[in-house]
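Source: prediction; values computed, not measured.
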Amino acid sequence: MKKFLKVLLLVVVLAFLYFGFTTYPKLDLISGFSAKSVASGHFMDHRSLDLIQKTDNDIHLLDLATNTINDAGKFATSAVYGLKERKAIYRDGLGALLINDDYDVSKPYLLPKRTKLVNNLPFPYGNNEPKDTAFANVDYAKLKKAINDSFDKNGGKAKRTRAVVVLYKDKLIGEKYDTGFNKDSKILGWSMTKSITSSAFGVLAKQGKIDIYKPAPIKEWQNDERKNITINDLLHMNSGLEWEENYSTICDATQMLFQSEDMGKVQMDKPAKYKPNTHWYYSSGTTNLLSRILRNQFKTQQEYLDFWYSAVIDKIGMNSMIVEQDMSGTFVGSSYGWATPRDWSKFGLLYLHKGNWNGEQILDESWVKYTATPTNTSEGKYGAQFWLNAGGKFPDVPRDMFYCSGYQGQMVAIIPSKDMVIVRMGVREEEPGFDFNGFLRGIIESVKK
């Protein structure tokens, strides 16, 4: 019996040591991720805690968190085994904000001034319901099957699609939502927000207020090799700055999103690892640095807040969209854009029509071309904060497709040769989870030449 107890004690000690070595350092990130997810999902999209825990937070390690919601105080808290409690507060018009213990919740804050698009037009150019349209060359039965096949059946969790929206020749030809979601559901686009950030630079470039080919206006870089990095290099993700992006572990990206007060500063403070335009690699820190640079183009915080919405978002009627901020008041341009699937499709339509929105040229055609042109060293898979199919990532999809892409399989696919925009939102990445190539192929093949 004593021997058994000794063995049992040894097992417990080893388990405790293993937990302490492998998991404890991650607890702050886990509880931070969970608190932010709960606050955003509940207060922005009115999801219940049960739905969030079963469909948003049911991923490895994140499911260790215990979450609570305070509706009266408009905040959520999360902890793991009672340790490392984190808090996320909600502010109407700004979304949720993950805060640190020393953050002053009483300090005043500014709200972006929004203008809702009211033109009495049907979706997608207005916010009225879309008109019924039948195209002779669309096999609607085949289209419906392709869309239905992208969703799980009988409560399964293999594909985990939440929404699909298909636009063809400016008309809605297909749409479907999973249980608990509908056309008014706001869904986090994650890194699709990077493309929103890029569009803001596109408007400034069109206005002649910024030259992306000049060195980035960062005074901290002027006395070292980083002074040669241009905004173009940053937009192309080949600045050469040191960065690690791996969401399965503690890395630059996870520490930035769930611990940093000033997310743009994280990448700004990194040293140069390579010369600019010689090594492409993905960095959410780079996009938040771009957001910080954008902020410095305006004299006031109010002008910065308003610009994102007045220049693009509200201009095209994405009135559901909210881009959340970090603790310093900078938009988290890498990751925190929320909108309905229909509104995400409007953004794709803007780029499908080369920056023109229902007759108004919001972005120069040259900017859209620049966006969809492969950057050096990316092997045809990346442009300016947009992903590309130029390198054939999706073999059964036209090579001219470019797309917004986000964590857990968010996508706004823009296919000029097919006059089509396809939105898919969910909580499952590509193979072995979700077959994007087959999904896109099925929809495309439903439209005959």
Side-chain angles (χ1 to χ4, degrees), residues 26 29-30 33-34 37 40-41 45 47 51-65 143-166 174-181 185 187-195 245-249 251 253-254 257 282 284 334-335 337-338 341 344-345 348 381-382 386-389 391-397 401-415 421-446:
K26 301 177 183 178
L29 300 179
I30 295 169
F33 189 136
S34 189
S37 174
S40 292
D45 195 42
R47 298 175 200 169
L51 181 64
I52 294 169
Q53 291 179 156
K54 288 180 178 178
T55 64
D56 290 289
N57 290 14
D58 61 330
I59 55 180
H60 181 56
L61 293 182
L62 200 60
D63 55 5
L64 296 176
L143 173 64
K144 184 177 181 179
K145 183 179 186 305
I147 293 174
N148 287 343
D149 285 349
S150 70
F151 286 79
D152 288 309
K153 296 176 178 61
N154 302 320
K157 285 192 172 185
K159 301 173 182 178
R160 305 197 69 177
T161 298
R162 286 179 161 174
V164 170
V165 174
V166 182
E175 184 178 36
K176 183 178 172 68
Y177 298 93
D178 194 21
T179 302
F181 297 87
S185 296
I187 300 179
L188 177 59
W190 284 107
S191 287
M192 295 204 300
T193 316
K194 291 178 171 68
S195 303
E245 185 126 354
N246 179 359
Y247 289 93
S248 65
T249 186
C251 68
T254 53
L257 288 174
Y282 193 70
S284 289
S334 70
S335 312
W338 290 73
W344 280 113
S345 76
K381 63 185 178 183
Y382 206 76
F386 279 75
W387 292 87
L388 316 178
N389 197 41
K393 175 181 174 62
F394 304 109
D396 299 320
V397 179
M401 183 184 88
F402 60 111
Y403 58 105
C404 318
S405 179
Y407 176 58
Q408 293 185 318
Q410 321 313 319
M411 176 184 277
V412 176
I414 303 146
I415 313 174
V421 171
I422 303 171
V423 175
R424 183 268 180 178
M425 309 198 79
V427 283
R428 178 73 73 187
E429 297 279 4
E430 297 166 12
E431 291 286 5
F434 187 80
D435 178 12
F436 269 105
N437 182 68
F439 165 69
L440 295 168
R441 181 186 64 234
I443 292 176
I444 292 168
E445 289 180 348
S446 72

Please tabulate, for the side chains in residues 402-411, all donor-acceptor contacts under 3.5 angstrom to protein atoms that are two or more places apart in sequence or on a different chain.
unit_1, atom_1, unit_2, atom_2, d
Gln410, OE1, Gly426, N, 3.1
Gln410, NE2, Tyr407, O, 2.9
Gln410, NE2, Gly426, O, 2.7

Would you find a donor on one side and an acceptor on the other, under 3.5 Å apart, between the side chain of Arg424 and the backbone of Ala163? no
Would you check if Ser335 and Thr193 make a side-chain contact, meaning some heavy-atom pair closer than 4.5 Å? no
Within the distance-only criterion (no hydrogens, no angle test), does the side chain of Thr161 pair as donor or acceptor with the backbone N or O of Ser150 below 3.5 angstrom? yes
Charged N to carboxylate O below 4.0 Å: is that the case for Arg47 and Asp56? yes
Measuring centre to centre across the rings, with the benzene-like ring taken for any Trp, is Trp387 within less than 6.0 Å of Phe394? no
Quick one: does Asp152's side chain have a donor or acceptor within less than 3.5 Å of a partner on Gly155's backbone? no
Donor + acceptor pair across side chains of Thr55, Arg160 (<3.5 Å): no
For Val397 and Asn389 the tightest heavy-atom approach is O-ND2, 3.1 Å
When you check the gap from the basic side-chain N to the acidic O, do Lys157 and Asp58 get nearer than 4.0 Å? yes
Strictly distance-based, threshold 3.5 Å: is any side-chain N or O of Lys159 a donor or acceptor partner for the main-chain N or O of Asp149? yes
Is any side-chain heavy atom of Leu388 closer than 4.5 Å to a side-chain heavy atom of Lys381? no
Under the side chain to side chain contact (heavy atoms under 4.5 Å, CB included) rule, collect the residues that match up with Ser334, sequence neighbours excluded. Lys194, Met256, Leu257, Ser284, Thr287, Asn288, Val332
Is the shortest side-chain heavy-atom distance between Tyr177 and Phe151 below 4.5 Å? no
Which heavy-atom pair separates Gly41 from Ile52 by the least distance, and what is that distance? C-CD1, 3.9 Å
Could you tell me whether the side chain of Ser446 and the main chain of Ala146 form a donor-acceptor pair under 3.5 Å? no
